Protein chains: 2
Amino acid sequence: MSLRYAILGVLDAQPMTGYELGGFFETSANWVWSAKLSQIYPLLNTMAAEGVVDSEDEVHGRRRSTRYSITDKGRAELVDWVGSSHSLPGMRDPMLIQALYMDLLDPEQVDRVLGEYLEVMRRRVADLREHQRALVEGETDLIRARLALRPARDHARMLMMKSMVFAGLIRQCEASMAWAEDFLMASRLGGCAIGVESTPQDM
Amino acid sequence: MSLRYAILGVLDAQPMTGYELGGFFETSANWVWSAKLSQIYPLLNTMAAEGVVDSEDEVHGRRRSTRYSITDKGRAELVDWVGSSHSLPGMRDPMLIQALYMDLLDPEQVDRVLGEYLEVMRRRVADLREHQRALVEGETDLIRARLALRPARDHARMLMMKSMVFAGLIRQCEASMAWAEDFLMASRLGGCAIGVESTPQDM
DNA sequence: TCTCGCATGTAAACCGTTACATGATTAG
DNA sequence: CTAATCATGTAACGGTTTACATGCGAGA
């Protein structure tokens with residue numbers, strides 16, 4: 001249900017075609033939410049039918065494309081959604097299940113799996129920072145479009161919020177990395193529960 | 001695809017009926033993975049057909065139940081899965097999308113939404129710790145069954161790993177809470193990007 | 001000509017949740 | 001007797017991914 005609002009939020013800055021939204025959800029927005037074109041196109045059609053977006057056909061020679069823009073109804077729905085609380089989906093990290101049963105493995109295998117996990121996360125954090133830096137320098141079209149729609153006194157607050165989301169993502173990754181490092185360390189020390197305050201549970 | 005291995009991991013400690021597994025995934029295991037009976041029953045049937053679990057019918061008076069146990073094939077598949085790397089699913093936290101567009105809200109609304117989020121997370125951490133403490137005292141059937149299958153010298157390592165998973169969950173929650181508090185603070189300060197190292201990006 | 005990027009979709013499969021259906025046993 | 005718990009499922013729906021299908025336009 002969140003893709004709907006992610007899309008509305010993007011269209012609130014700038015009208016876009018489905019294809020453009022698709023590219024967007026494969027690159028920048030990919031960090032927050034991901035979606036394929038095959039999901040985006042039908043969703044845009046339903047949303048147009050519901051009247052939360054307007055569709056306008058464009059013709060370039062023999063080629064056509066449909067540009068979607070947010071309607072007042074759509075904007076109202078977005079504001080309403082952003083302003084209300086939503087139940088958080090339960091933790092669904094496969095790595096946790098793996099970790100739970102890693103006593104089935106040789107210490108070397110644990111080393112390898114956790115090591116690869118750490119490397120992936122390190123790359124992820126690097127990508128996040130790199131992406132952030134690139135944007136700080138490049139000042140994307142979208143954020144400029146967004147700022148242009150609002151008075152200058154709002155700009156600091158808007159930029160702060162967008163950047164905090166990135167900071168949050170980085171924090172999440174770092175928490176996972178710190179955990180993985182502790183796990184690795186504890187595993188290498190042969191299982192004596194060093195660094196762990198309290199001990200067992202089920203599963 | 002992970003539920004399959006979560007189930008195999010539980011059955012590796014102890015044979016169980018679908019109903020027992022269901023209760024399990026609603027309480028203890030709920031922190032790591034959740035599943036409803038309506039998903040568990042059909043999955044157990046497919047897994048039995050594939051030969052990764054054995055099913056044995058039990059009759060108590062006029063009542064029947066099917067108890068599933070892991071097979072050698074199932075154990076091999078579990079060990080194989082635990083010992084290999086799996087692509088992590090992208091971040092899918094609705095709160096991130098909300099945060100991204102919170103410049104659409106009054107500061108009071110931001111306060112309310114983030115406040116409720118923080119309260120939910122606080123309760124979650126409390127539940128996690130409470131659950132952990134309860135188990136430290138209670139020493140569940142399942143962990144005892146699991147330890148009984150393995151030599152005493154492995155016990156410390158096994159307990160360490162189970163407990164590290166809980167520690168990881170708590171860490172994740174705490175990272176989210178720290179982020180939400182920063183976000184709240186920054187929002188209250190009216191948007192001047194205090195406490196945020198680097199600034200803007202797209203979306 | 002052929003490939004790549006633009007542009008739009010459909011179909012099938014998969015995972016998960018909600019709702020519904022059924023019936024036996026046990027505790028109050 | 002009634003409600004809760006044990007026990008097993010099916011059906012429908014929603015969200016997501018993968019694979020497939022189609023066609024235009026620009027540049028090598």
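Bear in mind the structure is a predicted one, so any value in this text is a computation, not a measurement. The sequence lines fix the lettering, A, B, ..., with proteins before strands; numbering per chain opens at 1.
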Roughly, in whole Å, what's the span from [atom1] in [X] to [atom2] in [N]?
X      : N       : atom1 : atom2 : answer
K36(B) : dG16(C) : NZ    : P     : 12 Å
E58(A) : dC6(C)  : CD    : C1'   : 13 Å
E26(B) : dT18(C) : CD    : P     : 11 Å

Protein-nucleotides 25-28 of chain C N/O pairs closer than 3.5 Å?
| unit_1 | atom_1 | unit_2 | atom_2 | d |
| --- | --- | --- | --- | --- |
| dT25(C) | OP1 | R62(B) | N | 2.8 |
| dT25(C) | O4' | R63(B) | NH1 | 2.7 |

Are [X] and [Y] close enough for a salt bridge, meaning some N to O gap below 4.0 Å?
X       : Y       : value
D103(B) : R150(A) : yes
R75(A)  : D72(A)  : yes
E119(A) : R123(A) : yes
E174(A) : R129(A) : yes
K73(A)  : E50(A)  : no

Subject >> Sequence-distant partners of Y117(A), ring-ring contact (aromatic ring centres under 6.0 Å, His included), two or more places apart >> reply: none
**OP:** Can you sort out the partners of Y19(B) under ring-ring contact (aromatic ring centres under 6.0 Å, His included), two or more places apart, ordered by chain and number?
**Re:**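 ring-ring contact (aromatic ring centres under 6.0 Å, His included) list for Y19(B), sorted by chain: empty.
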Original post:
Toward the 5' end of DNA chain C, which comes first, W33(B) or S65(A), by nearest nucleotide?
Top reply: S65(A)
Subject >> DNA chain D: 5'-proximal contact among R64(B) and R92(B) (nearest heavy atom) >> reply: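 The 5'-side residue here is R64(B).
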Original post:
Ignoring hydrogens and geometry, is there a side-chain-to-backbone donor-acceptor pair from E77(A) to Y5(A) under 3.5 Å?
Top reply: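 Checking the backbone N and O of Y5(A) against the side chain of E77(A), no donor-acceptor pair under 3.5 Å is found.
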**OP:** Determine the contact category for R67(B): base if any of its heavy atoms lies under 4.0 Å from a base atom, sugar-phosphate if only primed atoms, P, OP1 or OP2 are that close, otherwise nothing.
**Re:** nothing
Original post:
Got a sec? Which of residues 37-57 of chain B come in under 4.0 Å of DNA chain D, heavy atoms?
Top reply: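 Result for residues 37-57 of chain B: L37(B), S38(B), Y41(B), sorted by number.
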**OP:** Name the first nucleotide and the last nucleotide along DNA chain D (5' to 3') that come under 4.0 Å of a heavy atom in chain A.
**Re:** dG15(D) to dG25(D)
Subject >> Residues which pass side chain to side chain contact (heavy atoms under 4.5 Å, CB included) with D127(A), listed by chain and number, not counting sequence neighbours >> reply: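 Counting only residues at least two positions away or on another chain, D127(A) forms a side chain to side chain contact (heavy atoms under 4.5 Å, CB included) with W31(A).
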Subject >> Straight-line distance of C173(B) SG to R124(B) CZ, nearest 0.5 Å >> reply: 5.0 Å
Original post:
Where the side chain of T66(A) is defined as all heavy atoms beyond and including C-beta, which of dT17(C), dG16(C), dT8(C) is the nearest nucleotide?
Top reply: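 So the side chain of T66(A) is nearest to dT8(C).
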**OP:** Determine, stepwise, if the pair D141(B) / R144(B) fulfils salt bridge (Lys or Arg N to Asp or Glu O under 4.0 Å).
**Re:** CA-CA 5 Å; D141(B) 283 347; R144(B) 271 192 277 128; 3.5 Å; yes
Original post:
Is the distance from OP1 or OP2 of dC14(C) to the nearest side-chain N or O of R4(B) less than 4.0 Å?
Top reply: no
